[in-house]
Each structure stands twice: as C-alpha cells, then as structure tokens.
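Some notes on the structure that comes next.
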Number of protein chains: 2
Amino acid sequence: MTLLEKAKLAKHAATQMVTLTTEEKNQALLAMADALTSNIARILEANKKDVEAAKQAGVTNALIDRLSLSEGRIRDMAEGLRQVVELGDPVGKELEAWERPNGLRITKVRVPLGVIGMIYEARPNVTVDATGLCLKAGNAVLLRGSSSALHSNQILVQILREALATTKVSKEAVQLLEEGTREEVNKMLKMNDYLDVLIPRGGAGLIRSVVDNASVPVLETGAGNCHVYVDESAKPDMARDIVVNAKTHRPAVCNAAETLLVHEAWAEKHLSDLLRALKEKGVELRGCERTRELAKDIDIVPATEEDWSTEYLDYTMAVAVVDSVDSAIEHINRYSTKHSESIVTESKENARNFQKRVDSAAVYHNASTRFTDGFEFGFGAEIGISTQKLHARGPMGLEALTSSKYVIYGTGQIR
Amino acid sequence: MTLLEKAKLAKHAATQMVTLTTEEKNQALLAMADALTSNIARILEANKKDVEAAKQAGVTNALIDRLSLSEGRIRDMAEGLRQVVELGDPVGKELEAWERPNGLRITKVRVPLGVIGMIYEARPNVTVDATGLCLKAGNAVLLRGSSSALHSNQILVQILREALATTKVSKEAVQLLEEGTREEVNKMLKMNDYLDVLIPRGGAGLIRSVVDNASVPVLETGAGNCHVYVDESAKPDMARDIVVNAKTHRPAVCNAAETLLVHEAWAEKHLSDLLRALKEKGVELRGCERTRELAKDIDIVPATEEDWSTEYLDYTMAVAVVDSVDSAIEHINRYSTKHSESIVTESKENARNFQKRVDSAAVYHNASTRFTDGFEFGFGAEIGISTQKLHARGPMGLEALTSSKYVIYGTGQIR
C-alpha cells in the first residue's frame, strides 16, 4: 500500500474515532497490551533480525541497546499501555460555555487532533507508547520509525492491529510506513490534507530536519541544553546536591544539565568544592577564563563559544562565572534550547526575577532540572517534552494530543 | 537596518516586556491611540502616495478601497487600540498549581509568546490592529505588510514608535520590514531563532505560501469554505433565513457560506422556494444534477468538482442534494476548510451527530455561520480566525498570542 493510501485510511478511521467512548478506547488499549504479552516469542524473533543486521553494520553499542527488545522490555510496553488506561480521557470535556445576548449558547469542547504523524529513531517501544497515547486521545496515528527497526516495528504494529480488530477501534487507526526511504519521510512532511501534526522523536538532527522541511505543523520536542545557576546566596550543600544530580543522575536524557553558571561572589568561596564534587563523579569540565582562575587546583579544559550551546548528553559540563543574576538570565536566554533551567538561591527576589525572565518551558527554584518529566509532574506517560511555545510547552501528556472546537446552539439566529 | 538587526532588536525588547504591568501596557496603547488622532494629516499624506501609485498601476477598485485611509478610518484604528485597553490581560495568570509528594510546588503560568511575525496584504489598519493586540499580550511584533502600502505603513509605525518612546514599552518592540522584496519574506519565514510564530493575514495564496515555506511555526488563518446543511426536519422559514444570511449578509468575508447542502426529502418540498430567495438576493447558483432536477424552474449552472472546494467570497453558491446527515458530514469533512458549518434541523440527535463529527472550528445548530467572529463571540478584537487545530482554533483573541511556562518551587529536591 502507498503512503497516500495509508494516510487516507488513517484519516477515515480518525473521523470515526470521535464518537468512541472512553470505555471503548480503554478496551482497545487492554486488548493491545494482552496481545503483546501473548506474542513475546514472535516479537523477539523479528527483533533479532534487526539487531543482527545492526551488529553486522557495525553500529555503536548504544544503538544496539536502544534497538534490542527482551521479554522484560515487551512486558514494560504492555504495562505502559495499561497505565494509559488509567489516565483520564481529555476528549469531550466542556472547557468553557457562555450565552450571548442574542441567545446563542457557545461551548468550547475538547476534541481529538485527528491524525498524528510520528517520526522517530531506533527504539521500537516508541511504536507502542505513541500508539497508546494517540488512540486514548481519540487520534489515528501514522508511524514512521527507523529502517533499522523495521522488522520489530512491523511485528509490533501487526500485533496491535490484530488486537484492534477485536475492538471498537478500527485497526486502520494505526498505520506503519515501511518503505524506509528518505523520500517517504519528505512526502509525509508535506501531507497537510491528511496529517494534523507531526511529532519527531529522536536526536537534534532529526528534529531540526523535520522542523525545517515540514509544512504540516510540528510539535518540537526534546533538545535540552539545560542550565543550573548558583546565585550569590545559595546554600553550598544544596547547590552541590542539585548540580551533581542535574548533571550526573542520568546524563543522556534531555532534562540533564549541560552548563553551570555561578555568581562570582559565591564562586570565590565555593567553586572549587563544587567542581571537585563533579570531578569525583567523572565529569569533564570546560570552563571560562574566570572559572579556571578561581579553581586553579582543578583540571578544566578552556571552554569555546561552541560549548555554551552544546547538549553533551554525557559526563561533560560547561562552567561560566557571571557577575549577576541578570547576566545569568541573558546567558541562558541566548544559549538555551528553552527546556529546563534552575536557580539555586536564598533570595526570593532573585528567584522570581529569574523565573519570570528566563524563557524556558520549566524554570526551577532550588530543585534539579531532572524533574521535567511527565511522571515527575504527575501527568503519567508523555509523548515528548515540547520546547516550542505554541500549543504545548513542557511535558506533553494526553491533552497535548487534543484540540478544541466551538459547538454552538441556536434557535434561528442570524446577523 | 537589515531584517536580522530588526529581529534582534525585537527579540531583545520582548525579553524586557515580560516584566511590564498591565497598566504600563495600557498606557502605551493609549499613547499610540492619541498619537494616531494627532497625526491624521501626516498619515493621509503618506497614504495618498500609495493610493496614487496603485491607481497608476491600474489595480482593482476593491484593492484601492482596502488601501485607502480616511479621517474616519484613522479614528477607527485609534478606537480599536482603546478597545484593546479594555480587554483583560492574559499574562501572568496562574492556570494550574499543584504540589507533588516530594514537596515540589508546580505552577503553570500564562506568558507572552515572544516575537510575533505578521505577514499581511494591503489594509494598513492591520499594522495598527496587530500591533495593539501583540503588545497587550506582552509580545514584540515584526510587521511585513504589502509593498503597495509601504508609505502608509511607514508613517503609521513611525507614529506608533514615537508614542512608545514616551512609555515603558520599548519602541523596538514594533519593527516594520521595508525592503518589499520576496527575498525578505523568504528570510523571515526561516527566522526560528528570532520569531516564535508567524501569522499570515490575507488571501488563500498568501497563507498557503507561508504554510508551505515557513520553518517558524504558523498560525493558519482565514480561508472559509463554509457550509449550511438543511436537514429533513428543518423549519422552512428558519432554513431560508439562515441560508440567505450566511450567504448574502457579507459575502466577501471568511465566515460567509459557500456551499448549501439539502436533505433530499426536504428538497423535494422546499428547495425551489429556498433557491428562489437566494436568486432574489442576486446569488448565482451552481447545483448538482439532483438540485437541477428538483428546481427545474430556477436557473442553475451545473456544478463541477471544483465548485465544492471553492471559496467564492461573492454572490455565488454551490448547492448539493444529499441523502442523509451522514452524507452531509462526509461532504463537509472532504471539502471544507474547517472554518464554520451549520446544520438546520429540528432533530436534536442529528444536530449532535453533526456537531460531533464535523471537523471544523465552529459547528452551529440552527444559526448562521456569520457569528464566527471575535466580537460576536464576545472576545473583542481578534488577530484572525484559526482554521488549524494546534494552539488555537476559531477566533483568536489575546490568549492565542500567549504561551505558558512551568514555574516550579523547590526546597532542594533532587532525584
């Protein structure tokens, strides 16, 4: 089947899904979860083909790990679907309602977005996670995973569709693109008549390419050049705990900190201790001139301009000494990817100024940036973390996968 | 000054505007309104140059009318700014707040979008209207009007900036692009580092071109191929009043109806009367085969496939007879631009089915489509009517010009 045929089937399925009840959608999610755990052997067999091909192609161990499924990982995917059942259904909620002097009653109602295009990289679990969230919010989904995971994605989608065939959700609501060509993605980016939104999930290069080339609206996710700023009045122990946690708790994720900014007065007293704590965790430091002067006893690589805008996703951190909270704000607004930033300070005034003027999705006072996450916020599973300012910002749960419409009740009103 | 320099100034101004109070923004709006009414002669003089050049270029009278300013129109623009003062300030509002088990207090706060790029056609009043709404929501604005209105836009922006210089809002928050080249627009469409959103205002061609070529997120506005569906049980008088109003009250605007769908059982009894009423208002009819059979006494041009997707913006209407409310829904979801649609019926069940399944921004039961409008909804001035499903749908007031961010209060929490 061609991309266009699949897109048409998805769009048609989406128009039927607006009438489904929450119960009907939940039954579909549970059927999919059961089908995954009943078919572990089939899934592992298909996954083995992808993993072996990747090994022969000599890709990195990290990529092999992302690609590999195990019985435990498959059970986790099924469990993820069961957790989505527990989430409240956003669709159908009346958001606002009012009556006009002419008697028209206007209501604003939450509705599904329609058809969501997912473009993602090697992890096959995205196939299942994204499908669960999209369906629960009443949407159809067009999936385009990495060609390196094609066998895994094919078997997963086949199993999900077999399960849907026994439910009120049409199996055509889940479509997998299988061509694996660059051209296929390029066509998908321009399908404004069939796709309501594109969500890219993966590295900065993938996301940039989708944003630059799509005419379909994009929800930009992920890239996190996050900062921690240690202010003049910060408590040394709290600053150390937050910085070390934000950098080293899980360096490869988007809410990990990449740059440390320190007020000069605090730095004079405590910078060496703080940097030593990072060094002990194995962090390579890249510092500005002032940082290297104030912590002469510590091995610090000179930072280049490029360091300030780099998302290392690794045990590396850039460090700059600044002369005020305003300088910290300016540095962040210049280099940040607008994901998550934190100020450590005992000054409420400086904290409020920082939180107001830093232009990022999540701005913390005295806490680690690592909390920007759907589960940590209490939303449950997320489809990604939006770093743009339209539609949704920060962790995107089910609501981000919906739109609204005005439903208006009249008795013959004309103008 | 280059486009890039102007964009940088606007971005810098935007970072300062987040700290403004409502009162400071309102004072700026009032200063701009006063400046317009104090400079009527200067404005008219500049406008005369544009109008004369347009006349010499032999453009249509409709275009000359859109381009022309008068003392009355300038006073209307000033009055528009004063009305924006009366609108509530969306910025700073705490939308949600909750505490996590670890003691983190998470709040979601409404914030300005940042820098808004407006791309529009001949009407110089958009320069003032858009500036007023953008500033009130705490944003800077980069304006790119038609080159045919350049003298008018230059004097208007000069006057607005002179007025801002006496207030707390930086005059750099309002920037006009003056090069007038296609290249200038193309560059603007790709300025993701400086622009948070683009809003095109104008004809379908302009909007399509912006959507297709921009990498900056776009708020799609305007195009309205709106439908009225007259169901089997519709009251004949109500149906006639609504259809005639939706088509002829103001045919050139986006919420005017373009296609009439009629249930076959109703059509057999009442179609001729309804079409005669349209004819009496000077409407040219383009009908399907069934329409022409059922209203043999009336002059109806055979409709082509193209008619179903045409936004005439004129005294022309396409007419189709359908066999059920489901067929009407399918026709609309296939051809509509997702703006406004109405069902006329005495059946609540059919009305609810139609309102649930028709995928448009505003779906009416027993009322004219002409009510989709910021003032008619009670919002006040609007920046446009969104026909997309991300971020904002339907009439866009001040809230559509804002985003949100998470402001999070901790006491040293780490993961």
Side-chain angles (χ1 to χ4, degrees), chain A residues 15 18-19 98 100 104 106 111 113-114 190 192 196-197 211-215 217-219 235 238 241-242 244-246 249-250 333 355-357 359-368 370-372 376-378 388-391 393-394 403-415, chain B residues 15 18-19 98 100 104 106 111 113-114 190 192 196-197 211-215 217-219 235 238 241-242 244-246 249 333 342 355-357 359-368 370-372 376-378 388-391 393-394 403-415:
Chain A
T15 65
V18 294
T19 60
W98 66 101
R100 297 290 302 155
L104 271 189
I106 304 181
V111 297
L113 271 173
K190 308 283 185 193
N192 294 57
D196 292 288
V197 63
V211 167
D212 283 350
N213 298 305
S215 53
V218 178
L219 283 178
K235 288 185 181 169
M238 190 194 285
D241 290 349
I242 288 174
V244 169
N245 183 264
H249 181 252
R250 211 176 152 196
N333 284 343
Q355 291 181 303
K356 198 162 214 174
R357 290 180 51 215
D359 184 23
S360 297
V363 191
Y364 294 84
H365 174 205
N366 288 348
S368 169
R370 287 276 296 122
F371 290 104
T372 306
E376 292 298 326
F377 272 32
Q388 67 175 46
K389 293 200 241 173
L390 284 193
H391 186 67
R393 205 173 187 196
S403 179
S404 62
K405 81 200 233 192
Y406 291 104
V407 174
I408 300 149
Y409 305 93
T411 50
Q413 282 83 348
I414 59 171
R415 280 181 78 177
Chain B
T15 66
V18 294
T19 61
W98 67 100
R100 297 291 301 157
L104 271 188
I106 304 180
V111 297
L113 271 174
K190 307 283 184 193
N192 294 56
D196 293 288
V197 62
V211 168
D212 283 351
N213 299 304
S215 53
V218 179
L219 284 177
K235 288 184 181 169
M238 190 193 284
D241 290 350
I242 288 174
V244 169
N245 182 264
H249 180 253
N333 284 343
S342 180
Q355 290 180 302
K356 197 162 214 175
R357 289 181 50 215
D359 185 22
S360 297
V363 192
Y364 295 84
H365 174 205
N366 288 348
S368 170
R370 286 278 295 122
F371 290 103
T372 307
E376 292 297 327
F377 271 32
Q388 66 175 45
K389 294 199 239 172
L390 284 194
H391 187 67
R393 205 172 186 196
S403 179
S404 63
K405 80 197 228 194
Y406 291 103
V407 174
I408 301 149
Y409 304 93
T411 49
Q413 282 83 350
I414 59 171
R415 280 181 78 176

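Labels below follow one simple rule: chain letters A, B, ... track the order of the sequence lines, proteins then strands, and each chain is numbered from 1. Scope of the values below: all heavy atoms of this structure, side chains included, with no hydrogens, waters or symmetry mates.
With a threshold of 4.5 angstrom between heavy atoms, B:A361 approaches chain A through N, CA, C or O but not through any side-chain atom. At a 4.5 Å heavy-atom cutoff, the contact between A:N366 and chain B is made by backbone and side-chain atoms alike. Proximity to chain A is limited to the side chain of B:R100, based on heavy atoms less than 4.5 angstrom apart. Only the backbone of B:S360 comes within contact range of chain A, with heavy atoms under 4.5 Å apart. With a threshold of 4.5 angstrom between heavy atoms, B:V197 approaches chain A through side-chain atoms but not through N, CA, C or O. Only the backbone of A:A214 has a heavy atom closer than 4.5 Å to any heavy atom of chain B. For A:T372, no part lies near chain B; criterion is any non-hydrogen pair under 4.5 Å. Contact of A:I106 with chain B is made through the side chain alone, with heavy-atom distances under 4.5 Å.
The candidate with the highest count of non-hydrogen atom pairs below 4.5 Å against chain A, out of B:D196, B:D212, B:L390, B:V407, is B:L390. The candidate with the highest count of non-hydrogen atom pairs below 4.5 Å against chain B, out of A:V244, A:N213, A:V111, A:V18, is A:V18. Of the residues considered (A:K235, A:M238, A:K190), A:M238 shows the highest number of contacts with chain B, using heavy-atom pairs under 4.5 Å.
Interatomic distance, A:N333 CG to B:T15 OG1, rounded to the nearest 0.5 Å: 6.5 Å. Atom CG of B:L113 is separated from atom CD of A:Q388 by 10.5 Å, given to the nearest 0.5 angstrom. Between the NE2 atom of A:H391 and the CG atom of B:L219 there is a distance of 11.5 Å, given to the nearest 0.5 Å. Taken to the nearest 0.5 Å, the OG atom of B:S404 stands 11.0 Å off from the NZ atom of A:K389. For the atom pair B:R415 CZ and A:I242 CD1, the distance stands at 14.5 Å (nearest 0.5 Å).
Residues satisfying the ring-ring contact (aromatic ring centres under 6.0 Å, His included) criterion with A:Y409, sequence neighbours excluded, are absent altogether. Residues that satisfy the salt bridge (charged side-chain N to carboxylate O under 4.0 Å, His left out) test with A:R370, not counting sequence neighbours, are absent from this structure.
Minimum heavy-atom separation, B:G410 to A:A367: CA-CB, 4.3 Å. Contact between B:I408 and A:Q355 at its shortest, heavy atoms only, is O-NE2, 3.1 Å. For the pair A:F377 and B:W98, the tightest heavy-atom approach, listed with the atom from each and the gap, is O-NE1, 2.9 Å.
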* Does the side chain to side chain contact (heavy atoms under 4.5 Å, CB included) test come out yes or no for A:E376 and B:L104, once each step is laid out? -> CA-CA 10 Å; A:E376 292 298 326; B:L104 271 188; over 6 Å; no

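Although no hydrogens or angles enter the test, the distance criterion places a donor-acceptor pair under 3.5 Å between the side chain of A:K405 and the main chain of B:K356.
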